[in-house]
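These figures come from a predicted structure and were not determined experimentally. Note on naming: letters A, B, ... go to the chains in the order of the sequence lines (proteins, then strands), and numbering restarts at 1 for each one.
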There are 2 protein chains.
Amino acid sequence: MTLRKAGSPDEGTKRKPITARELARMIGVSQSAVSRAFTPGASIAPDLREKIRQHAAEMDYHPNAIASMLSKSRTNIIGIVVSDMQNPFYPALIEKLSRALQQIGLQSLLFNIAKGSNLEEQLSALRRYNVDAVIVISATILSGQTLLWATEGRAAILINRIIEDVDLSCVACDNAQGARAVADHFHALGRRHVAYVAGLSHTSTNRERRNAFITRVAELGMFLSTQIEGSEYSYHAGRRAAMKVLENAPKTDAIFFANDILAIGGIDALKDQVGCRVPEDIAVAGFDDIAIAGWPHYDLTTFRQPVDEMVRVVVQMVEEGSCAPGKPPIVKRLSGELVVRGSTTLMGT
Amino acid sequence: MTLRKAGSPDEGTKRKPITARELARMIGVSQSAVSRAFTPGASIAPDLREKIRQHAAEMDYHPNAIASMLSKSRTNIIGIVVSDMQNPFYPALIEKLSRALQQIGLQSLLFNIAKGSNLEEQLSALRRYNVDAVIVISATILSGQTLLWATEGRAAILINRIIEDVDLSCVACDNAQGARAVADHFHALGRRHVAYVAGLSHTSTNRERRNAFITRVAELGMFLSTQIEGSEYSYHAGRRAAMKVLENAPKTDAIFFANDILAIGGIDALKDQVGCRVPEDIAVAGFDDIAIAGWPHYDLTTFRQPVDEMVRVVVQMVEEGSCAPGKPPIVKRLSGELVVRGSTTLMGT
DNA sequence: GTTGATTTTGCATGCGCATTCAATTTTTTC
DNA sequence: GAAAAAATTGAATGCGCATGCAAAATCAAC
């Protein structure tokens, strides 16, 4: 790490970085040699490689990644498509994902798909930038067709989203397992009038959680007191939904919120808007296990998504290229675990 | 948006995208013409441009951004250096920032600087990828020298961070203003024994908030009952700090937490660990105004950072290139506003 | 209808590195 | 020690687009 010498004549000028050719000339080797010195596995004598790297360090030479991309037609950039950073689950996921990618030399280019913005323009950047793979974390917004178009010709993986009419690889939590675990837990607690609350109704995530939950509830002989499907996954949507549950079905004694941020809003509303006790009067469970769920004040029972494993699997698929275009799409289902806390039982912490 | 024809002969093959030269040949014009058709302000007849764009759309031609970068030596990529995605303030900021950049055709390459990872390797990517500018959101970790090295030769802007020994542009909230506003507010409420709680002690942000707060507290004739400087900005650090405040100075009747996530942890600990009433026994104020601060349960009085304006200013600086290397660094101080809520007063909501 | 000014177009070249191919050197083998 | 095999090197070319320059075409003015 050579620092710019203060007071050097070109102080303040935008110095153009040194190129491989220039470096080569100075050392007295060919440009190819320099290139090889920085290409793992290239055919070059160990001493020469070492010598070149030495000089390179001295001259502060760094291979130009752009030029490399052009000639290798490989960018080492992964496009990450996101739409919701409000739900803390996503930032946490993105953070882990981008770190894991960095570990193996891949950078993350963020594509923030806003509701208002025009998707096509955003996504066309995805294509023009020639990203090596696309990882879609956005639960919503994009239609299968749009997605297919955007990822055409490159590896693509959806996280926590399944699209029936479109062939794309996918890594997801076993939503049905989670929903059943919650139903079983409610049943074991002696609850009988349970409600289900979702955010967006048309997502595959919601469909899976809802269907599995409702089915299991029926199997166990419990009553589905009511079912709310709002328009978004947010704290305030959770509050509204909780109120609606009480309005629709006052006898409800347990609520399964389709994710934690909803559940947390729900708990607050139940407690401070109607003086309801959680879990005595109503047990509450969520899904995800975001950090807030573990805060003592909420102490939310929730089904924990195996985030670390999801990241691991995704990164592995990217690395192996097993999600490359042309290959048959892979669908990985990972199982999570129910984390029982104080929002459903009194015994815990 | 032309979709791949199902059943076409090359089904499943990685189709190489069409190039400008190929398109040109098909239309019967030169490659330059195609290039110009997609270059705003290039010298080309309007009809030709239209015609080419038409054909391009039909043939699903998209200019290859990588090649463009190489010849223009401009990437349209902005490096965003981040280290903490746990504090919700940052994801929110990143989201807005990346959207604003997208609006003007700039993409965001994420550099996630983890504590454990080796910085140099991460940051060397920053240089190799030739990003047009670097925006540093990381409050911590990087030393001024490292930062200088990483951003050498390109535009750079720090957000909410000032480094004395190094010349870099910076956009920050007026921390002193905020701290004084909180002190004034406490004073107006009749509080006299106030405490200050920070996360990382060595950040410029903390220094500014602390010094201004302490100074104003003295000016107003209040007592600084205690001062805690922890090791991180997190919910649990906030809880610990609150307990420590009570331990050190039981007479404390108001606490200023250097950011919201600390304050929220503090409120929870005060309430459920020692049965303290907020605001009756202790008034609590934070800094940032993250979404959680507005949740009815916390209803946290806080100094709101002008996030939108910060984003606006940063994007403008990037766009105008006023933070380009060689130019004198610009330091922008933006003022925020105190948002008074229930954690300090009973009159509100 | 001309000449000069202006716009439009194509050709050729370069951005910086990766890679193929042939030339050269080194190593191995008998 | 010579021939064959293997490893190493450099020259040359291409990745796909942007752009300077000169040729061609269009327009303006008389």
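Rounded to whole angstrom, the span from the CZ atom of A:Phe38 across to the P atom of C:dG16 amounts to 16 Å. Computed from coordinates, the B:Arg21 CZ to D:dC17 C1' distance equals 9 Å when rounded to whole Å. Look at CZ on B:Arg74: it is 16 Å from C1' on D:dT19, rounded to the nearest Å. As a whole-Å value, the separation of B:Ile52 CD1 from C:dT8 C1' is 11 Å. In this entry the distance linking CG of A:Asp47 with P of D:dT8 reads 9 Å, nearest Å. Rounded to whole Å, the distance from CG on B:Leu23 to C1' on D:dA18 is 16 Å. Across the protein-nucleic acid pair, A:Asn64 atom CG and C:dG14 atom P stand 18 Å apart, rounded to whole Å. A straight line from CZ of A:Arg127 to P of D:dC17 spans 14 Å, rounded to a whole angstrom.
The NZ atom of B:Lys327 sits 15.5 Å away from the CG atom of B:Asp167 when rounded to the nearest 0.5 Å. Note that CG of B:Leu109 and CG of B:Leu101 are 12.0 Å apart. Values are rounded to the nearest 0.5 Å.
Distances shorter than 4.0 Å separate none of the side-chain N or O atoms of A:Tyr129 from OP1 or OP2 on D:dG16. At C:dG14, none of the side-chain N or O atoms of B:Ser71 fall inside 4.0 Å of OP1 or OP2 (strictly under the cut-off). Phosphate proximity of D:dA18 to B:Ser68: present, with a side-chain N or O under 4.0 Å from OP1 or OP2.
Across all strands, A:Ile66 comes closer than 4.0 Å to no nucleic acid atom at all (heavy-atom distances). Note on B:Val29: only backbone sugar-phosphate atoms sit closer than 4.0 angstrom, heavy atoms only; bases stay farther off.
Listed nucleotides C:dG10, C:dC17, D:dT19 differ in distance to B:Ala33; the shortest reach to its side chain belongs to C:dG10. With C:dC11, D:dG16, D:dT9 as the choices, the nucleotide that has an atom nearest any side-chain atom of A:Leu70 turns out to be D:dG16. The nucleotide whose nearest atom lies closest to any side-chain atom of A:Ala45 is, among C:dC17, D:dT19, D:dT8, D:dT8. Nearest nucleotide to the side chain of A:Ser30, out of C:dT9, D:dG10, D:dT9: D:dG10. Relative to the side chain of B:Gln31, the nucleotides D:dA18, C:dT19, D:dG16 differ in distance, and D:dA18 lies closest.
Within 3.5 Å, no donor on the side chain of A:Thr39 pairs with an acceptor on the base of C:dT19, nor the reverse. Checked by distance alone, A:Thr19 brings no side-chain donor or acceptor within 3.5 Å of a matching partner on the base of C:dC15. On a pure distance criterion of 3.5 Å, a polar donor-acceptor pair joins the side chain of A:Ser32 and the base of D:dA11. In the interface, the side chain of B:Arg36 is paired with the base of D:dG20 through a donor and an acceptor atom under 3.5 Å apart.
Although no hydrogens or angles enter the test, the distance criterion places no donor-acceptor pair under 3.5 Å between the side chain of A:Ser73 and the main chain of A:Leu70. Side-chain atoms of B:Arg49 come within 3.5 Å of backbone N or O of B:Arg36 as a donor-acceptor pair. Using modelled atom types, no side-chain atom of A:Ser108 and backbone atom of B:Leu110 make a donor-acceptor pair closer than 3.5 Å.
If A:Ala20 and B:Leu48 are placed on DNA chain C by their nearest nucleotide, the residue sitting closer to the 5' end is B:Leu48.
Around the CZ atom of A:Arg53, the shell of radius 6.0 Å holds more than 12 heavy atoms that belong to other residues, nucleotides or ligands.
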